[in-house]
Amino acid sequence: MNLFRKMLPAPADGAADHAPDTARAATTINLLPIPAAIVTNVDGRFVLQGHNDAFQLAGLGNSSDKSPFLNSVGLRIASFLDGDSLKEEFAWQFGDSVDCRHYRITLARLERSAARRCLVTLVDHTSELRTEHNLRREMMTDSLTGLPNRAGFSDRLEGLLTDPAERARYAVLVLDLDRFSRVNACLGSMDGDELLITLARRLKGALRAHDILARTGGDEFGILLTLEDGPSDAQHVAKRIEGALATPFRLSDFEIKVSCSIGIAFGSAELDDAEELIRHAQFAVKRSKISGRAEAYQTQQFDIAREQFGMETALRRAIENGEMRLTYQPICDLATGRVVAFESLARWTDETGRAHSPNDFIPVAEESGLIVPLGRWAIDEAAQTLASWDVRFGGDCGVKLAVNLSAIQLQRDRISMLVERALMANGLDGRRLTLELTESALVTDPDRIAGIMHALKGLGTTIAMDDFGTGYSNLAYLQKLPIDVLKIDRSFITGMLADRDKVAIVRAILSLASALGMKTTAEGIETTELAQTLAALGCTYGQGYTYARPLEADAAYAYLLDINH
């Protein structure tokens with residue numbers, strides 16, 4: 001700065017000939033490798049008192065009247081010179097969109113108050129901004145399809161949600177491909193990639209020009225819609241997408257039909273978070289997988305899901321802290337009325353004293369995988385309870401305990417080993433334990449489940465099929481599997497006396513069990529008349545409120561003594 005002070009004396013009264021100063025300024029600032037100029041305010045008019053070659057080569061002007069730089073930045077310089085700041089920096093763009101240059105301008109005041117002038121330097125950082133832009137574009141783009149990725153999709157959506165009045169004009173669709181993992185597994189990743197690329201083209205063709213398509217996951221696509229005619233636009237687009245996927249895809253030597261589940265989430269004035277709107281659409285996809293059609297997000301469903309996540313956390317803590325307990329509902333011989341077994345039923349009262357229904361926490365346990373530790377605990381707890389009853393009775397108390405096995409537990413755990421260990425630890429014979437599994441457990445992996453059932457039978461346990469008649473039983477498997485008892489679901493028992501169809505179904509089940517050499521248990525018996533009718537039809541055992549509700553361990557033992565002894 002001192003160099004310029006010495007070489008650039010102030011002009012007199014703003015009217016003197018500035019040629020020597022200008023020449024001297026040009027010589028001095030020409031030493032700078034970046035565009036630079038000295039701008040002077042002369043009689044209210046800005047004058048380029050000097051500039052270097054780099055300034056002129058950048059096309060910023062070589063005369064005061066024809067300088068695009070002064071025409072664009074003059075007001076900013078005037079504001080700076082009228083103020084008290086010694087230095088100011090700001091960004092400036094020069095040129096059209098095709099060949100735009102980006103500069104960082106620095107204004108530095110020169111201490112010649114009469115002339116009011118400043119040194120202007122421009123640092124070109126176009127290359128850095130273009131590199132940053134290219135990197136950002138790569139980060140926001142899916143390399144396989146060329147579509148925006150999840151981050152790019154969210155970024156675009158975020159920009160559209162800034163105005164609360166406009167948010168309701170947008171909707172997000174999320175598409176989740178069905179069976180895509182099988183394509184990858186059977187045909188390889190190359191064909192899987194080809195399918196995604198072809199699919200992206202088809203989807204693009206089914207959308208309107210202003211709709212935005214993105215690949216938001218491995219086999220998931222997102223669509224940002226502008227709703228011109230209201231929410232019905234989203235359903236129309238969903239139908240066009242389904243139509244576009246109706247034609248099979250040609251991959252290698254195969255023609256593959258691809259379907260998808262579609263979830264829709266509509267924007268609202270209250271919703272300003274792009275990620276939350278996308279999550280809403282993803283949540284709706286889950287409902288679409290069940291219903292088989294495009295589904296719109298419903299707030300209450302999301303609230304239920306949040307509540308279930310909270311329940312999952314509390315349930316995990318309850319299992320770890322030993323807060324769970326078993327209750328026992330008697331199973332009686334319909335011919336004699338004697339108790340032959342108790343079904344063990346999990347119960348949970350949390351630390352606040354709130355009792356949770358098994359209808360609520362068992363599905364959460366199955367979805368989260370907590371059913372595995374819960375099932376292990378139930379087997380051990382039931383075995384310990386039965387052993388304690390034997391001790392109190394002074395020998396075999398004469399009943400079995402039944403424990404329910406989840407299909408997920410059968411898939412993930414080594415059930416036969418757990419049961420054997422529980423029996424040995426409590427000195428019980430395998431015949432004292434009944435293991436109940438549902439028909440849905442057979443559907444998952446019939447051969448593997450059959451192996452597990454034979455291993456359990458090898459321990460001497462009784463195998464019962466629970467809720468029979470509500471699932472998808474294969475009669476050939478029923479004949480081959482070592483099933484001892486069919487439990488007739490309560491939906492067929494309740495109200496049976498007034499419904500001939502239910503009576504016919506129960507008769508059919510009893511005939512099937514008799515033909516296969518199996519015993520039967522009727523669930524949900526609530527009247528003595530119903531129990532007597534089932535006994536007359538040939539049903540073996542009964543369970544329900546006419547005998548007793550689920551009882552705590554001590555109450556169940558007392559009930560056993562009262563009925564049997």
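None of these values were measured; they are calculated from a predicted model.
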Distance under 6.0 Å and angle within 45° of ring axis: R202 vs F249 = yes
In terms of side-chain geometry, is the basic nitrogen of [X] or [Y] positioned less than 4.0 Å from the acidic oxygen of its partner?
X	Y	result
R490	E523	no
E312	R316	yes
E88	R76	yes
E275	R150	yes
D233	R169	no
R317	E323	no
E158	R156	no
D124	R101	yes
K87	E89	yes
K487	E436	yes

Hey, is the main chain of A553 close enough, under 3.5 Å, to the side chain of R325 for a donor-acceptor pair?
-> no
Under 3.5 Å, is there a donor-acceptor pair between the side chain of K502 and the main chain of S491?
-> yes
N149 to A214 - nearest heavy-atom pair and separation = O-CB, 4.3 Å
E343 vs N404, side-chain hydrogen bond (donor to acceptor under 3.5 Å, both in side chains): CA-CA, chis, key distance, verdict | CA-CA 8 Å; E343 181 179 1; N404 291 281; 3.0 Å; yes
For the pair F94 and Y103, name the ring-plane relationship: parallel under 30°, tilted 30 to 60°, perpendicular over 60°.
-> tilted
Determine, stepwise, if the pair H102 / R130 fulfils side-chain contact (heavy atoms from CB on, under 4.5 Å).
-> CA-CA 10 Å; H102 299 267; R130 286 178 178 170; 5.6 Å; no
